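Working notes for the structure below.
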Amino acid sequence: MREQAQAAKPRNIFLCLLAMAFFSTSDILAKMLSVTLHPLQIAWFRYMVAIIAAAPLLTAFRGRIRSQHHSVQLVRGAAMLSSTLFLIAALRLLPVAEATALVFVSPLIITTLSVLLLREVVSPLRWLIVLLGFLGVLIIIRPGNEGFAWTAFLPLCSSLCWALGVIYTRKVVAVDTPLTTLVYSAVTGFVAISALVPFNFISPTMDQLLLGTAMGLLWVAAHICITLAYSSAPASQLAPYSFTQIIWAALLGYLVFSHTPDALAILGCGVIIASGMLSISTRLAAERCQGNRSSD
């Protein structure tokens, strides 16, 4: 069993890296579409493709997709939808690399929310890491830099909503299957956004339709890859590889939009990555310590 687990690690890492590449490419296409389409319609494309992909699951596993916490699943789905909408709005106004980096403060927000909502105890070291991460945010947004600071709140709001979704995931993971959570998120988001999109709907051209479909397929493929990656490997081992999404975002942003982050933006991204890595490592160390105490 140990050899199988070690042999699976390269595959899991590859799937995680592939998911980050898919997420970034999907975001690039979303930014391209945002020039002419409303963020609601772009998000609707993503959820429509997700629903089409989930349709066979609804048919094949209809009896198993039942939640013990309907209200929590609905709130989680709404949080994930809000995260998507804020991110697409951010991509419309900000360079992809900076927007992606700001979204990656979610581990720091999760730490804060875990204290407020889950009553978890957080060490002084982890609070220092949170402050370090928000220092990276300040370096990127540069308060007082006209026209940039307020737009930076869009990816930060996306990160906040994502963190809320993660917190609510912890509430349902003990009683609901991952499949149930995935389907609830897709259906909740699609129903909610379908009620809003008619007010901002523009009949898409063939090019927009192809771009929107490709964006949605990449988004779904990314979620499938990340689910498969985490299904047979500890989250703590794979989480650091998630930060490669910032590298992909910077590379694709340069190739497609000729945007090169300046020195301060690169510094801010580096600080956020470092704080995120430290947050993951300290949480892992705390879990190991708690496990050792339990075994004793």
Side-chain angles (χ1 to χ4, degrees), residues 8-34 37 39 42-57 80-81 83-92 94-104 106-107 155 158-159 161-162 165-166 169 178-179 181-183 185-186 189-190 207-233 235 237-257 259 269 273 276:
K9 285 182 181 178
R11 171 180 174 273
N12 296 330
I13 292 172
F14 173 75
L15 286 170
C16 185
L17 294 174
L18 190 61
M20 297 307 108
F22 285 160
F23 275 130
S24 294
T25 308
S26 180
D27 288 343
I28 287 289
L29 295 180
K31 185 174 180 64
M32 293 172 65
L33 288 169
S34 69
L37 298 181
I42 298 171
W44 181 80
F45 268 119
R46 283 186 169 182
Y47 276 92
M48 179 184 66
V49 174
I51 283 293
I52 294 173
L57 297 177
M80 293 301 186
L81 171 61
S83 177
T84 299
L85 289 173
F86 278 121
L87 176 58
I88 292 174
L91 293 171
R92 187 176 191 175
L94 292 173
V96 180
E98 283 88 331
T100 302
L102 291 172
V103 169
F104 269 87
S106 57
S158 175
S159 183
C161 292
W162 179 267
V166 171
T169 300
L179 177 61
T181 300
L182 178 65
V183 171
S185 295
F190 182 73
D207 288 343
Q208 290 170 335
L209 189 61
L210 291 174
L211 282 176
T213 302
M215 175 197 65
L217 288 172
L218 286 166
W219 192 61
V220 171
H223 279 284
I224 292 173
C225 286
I226 206 69
T227 300
L228 291 174
Y230 278 87
S231 65
S232 57
Q237 292 183 14
L238 294 180
Y241 296 98
S242 299
F243 289 97
T244 59
Q245 186 177 349
I246 299 177
I247 299 174
W248 277 111
L251 177 62
L252 293 173
Y254 172 75
L255 292 176
V256 179
F257 301 106
H259 174 261
C269 292
I273 291 174

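Everything numeric here is computed off the predicted structure, so don't read it as measured data.
- Taking the side chain as every heavy atom from C-beta outward, Asp27 and Gln245 approach each other to under 4.5 Å.
- The two residues Ala50 and Val220 make their nearest non-hydrogen contact at CA-CG2, 3.7 Å.
- Atom CG of residue Leu218 and atom NE2 of residue His223 lie 11.5 Å apart, to the nearest 0.5 angstrom.
- Closest approach of Ala30 to Arg46, counting heavy atoms only: CB-NH2, 4.1 Å.
- Between Phe190 and Trp44, the ring-plane angle classifies as parallel under the 30° and 60° cut-offs.
- Not one N or O on the side chain of Ser26 forms a donor-acceptor pair closer than 3.5 Å with the backbone of Phe23.
- Between Ala99 and Leu94 the shortest heavy-atom distance is CB-CB, 4.2 Å.
- The CG atom of Leu29 lies 11.0 Å from the OG atom of Ser24; values are rounded to the nearest 0.5 Å.
- Trp248 and Phe22 have their aromatic ring centers separated by at least 6.0 angstrom.
- Side-chain contact between Phe257 and Met32 is present, with heavy atoms from C-beta onward closer than 4.5 Å.
- Summarising the geometry of Ile246 relative to Ala101, their closest heavy-atom pair is CD1-CA, 3.9 Å, with the distance given to 0.1 Å.
- Summarising the geometry, atom CG belonging to Leu211 is positioned 9.0 Å from atom CZ belonging to Phe45; distances are rounded to the nearest 0.5 Å.
- In this structure, Ile28 CD1 and Thr100 OG1 are separated by 8.0 Å, a value rounded to the nearest 0.5 Å.
- Minimum heavy-atom separation, Ile42 to Leu37: CD1-O, 3.8 Å.
- In plain terms, the two heavy atoms of Ala43 and Thr84 that are nearest each other are CB-CG2, 4.2 Å.
- Here the side chain of Thr213 pairs a donor or acceptor atom with the backbone of Leu209 at under 3.5 angstrom.
- At most 12 heavy atoms of other shown residues, nucleotides or ligands fall within 6.0 angstrom of atom CH2 in Trp162.
- Looking at heavy atoms from C-beta onward, Val96 lies out of side-chain contact with Leu252 at the 4.5 angstrom threshold.
- Atom SG of Cys225 is separated from atom CZ of Phe14 by 8.0 Å, given to the nearest 0.5 angstrom.
- Atom CZ of Arg11 and atom CG of Leu18 lie 11.5 Å apart (nearest 0.5 Å).
- Residues Tyr47 and Leu81 have side chains in contact (heavy-atom distance under 4.5 Å, counting atoms from C-beta outward).
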